[in-house]
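Okay, so here's the structure we're looking at.
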Protein chains: 2
Amino acid sequence: MNPVPPRLSCPLPIMDHDRVQLAHGSGGLLSAQLIDRLFLPRFANPILNRLEDQATLELPAGRVAMSTDTFVVDPIFFPGGSIGDLAVNGTVNDVAMSGAPPLYLAAAFVLEEGLPMADLHRVLVAMEEAARVAGVVVVTGDTKVVPRGACDKIFITTTGIGVVPEGVTISAASLRPGDAIILSGTLADHGMAILTTRQGLSFHSRIQSDTAALYGLVAAMLAVCPTIHALRDPTRGGAATTLNEFVRSSRVGIELEEGRITVRPEVQGACEVLGIDPLFVANEGKLIAAVPGEAAAGVLAAMRNHPQGREAAIIGRVTAQHPGLVVLRTALGAERIVEMPVAEQLPRIC
Amino acid sequence: MNPVPPRLSCPLPIMDHDRVQLAHGSGGLLSAQLIDRLFLPRFANPILNRLEDQATLELPAGRVAMSTDTFVVDPIFFPGGSIGDLAVNGTVNDVAMSGAPPLYLAAAFVLEEGLPMADLHRVLVAMEEAARVAGVVVVTGDTKVVPRGACDKIFITTTGIGVVPEGVTISAASLRPGDAIILSGTLADHGMAILTTRQGLSFHSRIQSDTAALYGLVAAMLAVCPTIHALRDPTRGGAATTLNEFVRSSRVGIELEEGRITVRPEVQGACEVLGIDPLFVANEGKLIAAVPGEAAAGVLAAMRNHPQGREAAIIGRVTAQHPGLVVLRTALGAERIVEMPVAEQLPRIC
């Protein structure tokens, strides 16, 4: 599905230590070795290579979109990806949901003393690959090392910027009655991949995270309809949270058709075993759009032509009725309100 | 010294919980309560208030400077400041060292389950105040909560952007023989404030962190000399690290006069007790500049006229001799090489 061919595997560079030491975060010689041997070979580019305390960037004219996220996922490697992929894709997707192509990324690492250098390297290789596929350049960064027990393995904060194209104004506050609600694919893959891995439910091992960069899909949608009203990727809190944010920000209602929402059979099975509603589970490679009703068919066709939107579907519509509420019509014709989740279902999911 | 008067103290808003719960990071209702009651009142502005997954910013024309840093300082409150001040000042200073006025900040939080809400609030109030003094606006953010023991209290990653004025090109690679090396004030205050607090050395309690935003000082310097060659704030690794980075990037040498470098008596005393060289200790409100020799007197005068530069001094000069080496001439006329530090002296200093 990915148009960019993967690189050959990348061996661990020779380092003085096979585990991260406190001194790797000191700002001194060992910090420099970590940067020079492990980080720079992965992300090398003319801006980063200057190794100033800040990157200086030439940006095209226009409004700048900026987004930041910290990734604390546990485990750091999981079926379909790692904290490295997630840290790139999560932030480039938040930028992309403004309609802006993501251009540049800053990456800040907190490493636990004792982290195997091979694990860090594997995370960095995943980030390199994800950045290459997403078309973003890592231009600046930071590395801190904390003593054993002061963090769990590795946390990564990425901050992305892009430039919003002229004429595009996408906002959770812009939904209008009559808009179609489009979901780009299946729900709950990422969250259930993490949860089943964490709980050692090996019979569900076919479940893979959907982590992916979505700007290509967004660009295909904007080419058909530059006036898309709202776009958001339903990560933490799942589709239920995104849809509730939409109705609150726009003071409208949303009616969903349960039958239009697709969940992979193995994911559905795991959700049933664990008693979890897929509407509340995190995704990392899906988006939900609100588009003017008259443009919906065109946008849907464009999405289905794109590798990341093959399973896209119109799952509902925006209504002036019941403002602030998301109402789901079940296959049997019953209706229930989809609430904003209250309690933590899955900590450290991203 | 601060031209902006402090705000009245700010009481803790009423929250359903007096400690951070995992659900505060779920993306659901409790996340929304945390954002609405604790975060938004501190940072409210038209861009952040939109609560999109990304901020969209109008920037003036010019090269954009971007910098990111994670703050993991232990303890989170210390004489002279907190992790909140540090997270704002540290990043705005990295932006300012490009010559750009810092404009916008993204802030990402990792909170440990069980963190007292009052502590989080105190950190946020400190960030609000620091941002106000620095003239930056917090436009986007993220909050993750990890289970007890998966991080130590609170980590904050800030990413700042600004726009570099036309004609300004500051780089660690731009030092030239004949440049004067100017230090803006005393060394080692921040690092020794942290270390003496951590070790319970109460007799050194007069030692305060120097955490401060430095763009005002930079602007005063640029007004006199827009062609400043290099600027850097000597944080982790101290002045020794910054000066070694200068000589490596520019392939020049630096000669320092020990007698020109000032250290507060209480800081010097603590350094002696603990056997630490102040040249290797972190600062959070100081800068080191390399300026063309003929402009040095003018820049120094401008700095001494600014509250943050009253104790500025020309501490050395750039030479074509011994490229790659920083040489310190002691009061007695002896010379020694100031090396890049190898080992961690003070983990979690920032």
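Per chain, numbering begins at 1; letters A, B, ... match sequence-line order.
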> Any side-chain heavy atom of Leu48(A) sitting closer than 4.5 Å to one from Phe39(A)?
Replying inline: no
> Do the side chains of Thr56(B) and Arg50(B) get nearer than 4.5 Å, heavy atoms only?
Replying inline: yes
>> With a 4.5 angstrom heavy-atom cut-off, is it the side chain or the backbone of Val139(A) that approaches chain B, or both, or neither?
In response: side chain
>> Using heavy-atom distances under 4.5 Å, tell me whether Ala107(A) contacts chain B through its side chain, its backbone, both, or neither.
In response: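 Just its backbone gets close to chain B.
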Count the heavy-atom pairs under 4.5 Å between each of [options] and chain A, then report the option with the highest count.
options: Thr159(B), Ile161(B), Asp152(B), Asn244(B); value: Thr159(B)
options: Gly141(B), Ser249(B), Gly162(B); value: Gly141(B)
options: Met66(B), Met340(B), Arg63(B); value: Met66(B)

> Which distance, rounded to the nearest 0.5 Å, do you find between the OG1 of Thr157(A) and the CZ of Phe155(B)?
Replying inline: 10.5 Å
Please classify the contact of [X] with chain A as side chain, backbone, both or neither, using a heavy-atom distance under 4.5 Å.
X: Thr241(B); answer: side chain
X: Ile170(B); answer: backbone
X: Thr143(B); answer: backbone
X: Ala240(B); answer: neither
X: Val64(B); answer: both

> Between Ser31(B) and Arg236(A), is any side-chain donor less than 3.5 angstrom from a side-chain acceptor?
Replying inline: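 No pair is found: no donor N or O on one side chain lies under 3.5 Å from an acceptor on the other.
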> Any side-chain donor-acceptor pair under 3.5 Å between Glu52(A) and Ser171(B)?
Replying inline: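 Ser171(B) and Glu52(A) do have a side-chain donor-acceptor pair below 3.5 Å.
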